[in-house]
Amino acid sequence: MQTLRICHLYGNLMNTYGDNGNLLMIQYYAREKGYQVETSLVSLEDDFIADDYDIIFFGGGQDFEQKIISENIGRFKKEMTSYIENDGVMLAICGGFQLLGQYYVSSIGEKIIGLGVMPHYTERQIDSRFIGDIEIFDEVNQQTYYGFENHNGVTYLTDALQPLGKVIKGNGNNGQDKTEGVHYRNVFGSYFHGPLLVRNEWLARHLVDLAIQQKENSAS
Ligand code: GLN
């Protein structure tokens with residue numbers, strides 16, 4: 001039986017609002033496809049080797065944990081860039097999505113440096129958060145996704161990046177430009193907690209299908 005290798009990036013620090021449910025969904029659909037799953041936690045003391053994984057999950061977290069990770073994650077930049085540019089599959093939620101970008105300004109105004117593998121950046125709102133139900137439309141895949149957002153950060157994608165979807169209801173990345181999340185190569189970022197994949201089965205199956213496809217491509 002083939003194995004789908006999942007990397008749970010900083011999973012012991014980034015796991016707010018039931019985000020780990022996304023992991024359960026990835027495991028569930030991978031097993032349904034006839035794969036056994038191997039899930040590895042990669043955190044502060046571990047190495048990350050791009051070739052060791054078929055899919056990466058990076059959950060959301062609070063400012064405190066994000067700061068700790070910001071001081072640790074830089075050592076992964078080379079391997080993570082190669083993973084992403086070789087079409088590795090990744091799902092990053094909220095704080096994880098923010099940390100893939102250039103920087104994140106915390107609610108107290110501290111600039112937290114991101115991994116910088118993508119050009120987006122995140123500023124803060126003063127005395128305000130975006131909290132509530134959210135609905136977006138993914139024009140690439142013609143799908144509607146439903147979820148719940150809870151974030152202080154306001155993210156700007158820059159012209160180089162496409163969003164995961166267009167906001168129908170709620171705030172999304174910044175409450176202004178109607179973008180939500182990011183979709184770059186096989187990297188999917190989103191502010192949806194809820195968790196995203198439990199409420200949006202199509203996307204869960206899509207991520208697993210992409211990871212299997214990538215695995216087959218690299219084996220042939
Ligand atoms: N601390 C970040 C923010 O408020 C991320 C929060 C989260 O992951 N829920 O924007």
Side-chain angles (χ1 to χ4, degrees), residues 7-26 41-44 56-73 76 80 90-136 145-158 161 163-165 167 169-183 187-200 203:
C7 167
H8 193 188
L9 195 58
Y10 296 106
N12 54 341
L13 296 167
M14 301 290 275
N15 49 22
T16 45
Y17 311 124
D19 283 348
N20 287 358
N22 291 311
L23 200 58
L24 298 178
M25 289 299 277
I26 293 166
L41 173 69
V42 171
S43 193
L44 300 176
I56 298 174
F57 173 61
F58 194 8
Q62 315 297 343
D63 292 358
F64 179 77
E65 284 84 7
Q66 285 181 275
K67 172 103 193 297
I68 295 171
I69 292 168
S70 147
E71 286 159 9
N72 185 270
I73 199 170
F76 294 155
M80 203 56 86
M90 170 157 25
L91 175 65
I93 301 294
C94 201
F97 163 39
Q98 293 170 345
L99 278 170
L100 291 180
Q102 301 296 312
Y103 65 84
Y104 162 62
V105 179
S106 75
S107 56
I108 56 163
E110 191 175 5
K111 192 168 180 177
I112 295 172
I113 301 301
L115 180 58
V117 287
M118 297 202 288
H120 62 284
Y121 59 92
T122 303
E123 303 285 349
R124 67 171 166 153
Q125 306 175 65
I126 309 287
D127 295 332
S128 175
R129 290 183 77 79
F130 289 150
I131 304 175
D133 286 325
I134 176 162
E135 183 181 332
I136 63 170
Y145 307 131
Y146 302 91
F148 188 82
E149 60 182 331
N150 184 352
H151 54 111
N152 172 262
V154 281
T155 298
Y156 298 93
L157 294 183
T158 79
L161 294 172
L164 175 63
V167 175
K169 176 186 168 192
N171 290 287
N173 286 341
N174 52 55
Q176 294 159 6
D177 64 13
K178 299 273 175 211
T179 63
E180 203 299 310
V182 70
H183 180 190
V187 179
F188 298 79
S190 176
Y191 271 113
F192 280 40
H193 294 286
L196 173 67
L197 298 187
V198 175
R199 287 187 69 184
N200 300 283
L203 189 59

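Along the sequence shown, the residues carry numbers beginning at 1. Both counts, for ligands and for their atoms, begin at 1 and track the order of listing. Computed over heavy atoms, backbone and side chain alike; hydrogens, waters and symmetry mates excluded.
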For the pair [X] (side chain) and [Y] (backbone), establish whether a donor and an acceptor sit closer than 3.5 Å, ignoring hydrogens and angles.
X	Y	answer
Ser190	Gly181	no
Asn72	Leu44	yes
Glu135	Tyr146	no

Parallel, tilted or perpendicular, as decided by the 30° and 60° cut-offs, for the rings of His193 and Tyr17: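 Tyr17 and His193: perpendicular rings.
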Contacts of type side chain to side chain contact (heavy atoms under 4.5 Å, CB included), residue Phe148, not counting sequence neighbours: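 By the side chain to side chain contact (heavy atoms under 4.5 Å, CB included) rule, Phe148 matches Ile131, Asp133, Asn150.
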Gln98 side chain to Tyr191 side chain, donor-acceptor N/O pair below 3.5 angstrom: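 Yes, because at least one side-chain N or O of Gln98 sits under 3.5 Å from a partner of the opposite role on Tyr191.
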Residues lining ligand 1 [heavy-atom distance under 4.0 Å, listed by chain and residue number]: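 These residues qualify: Tyr17, Gly60, Gly61, Asp63, Gln66, Cys94, Gly95, Gln98, Tyr104, Arg129, Asn150, His151, Asn152, Gly153, His193.
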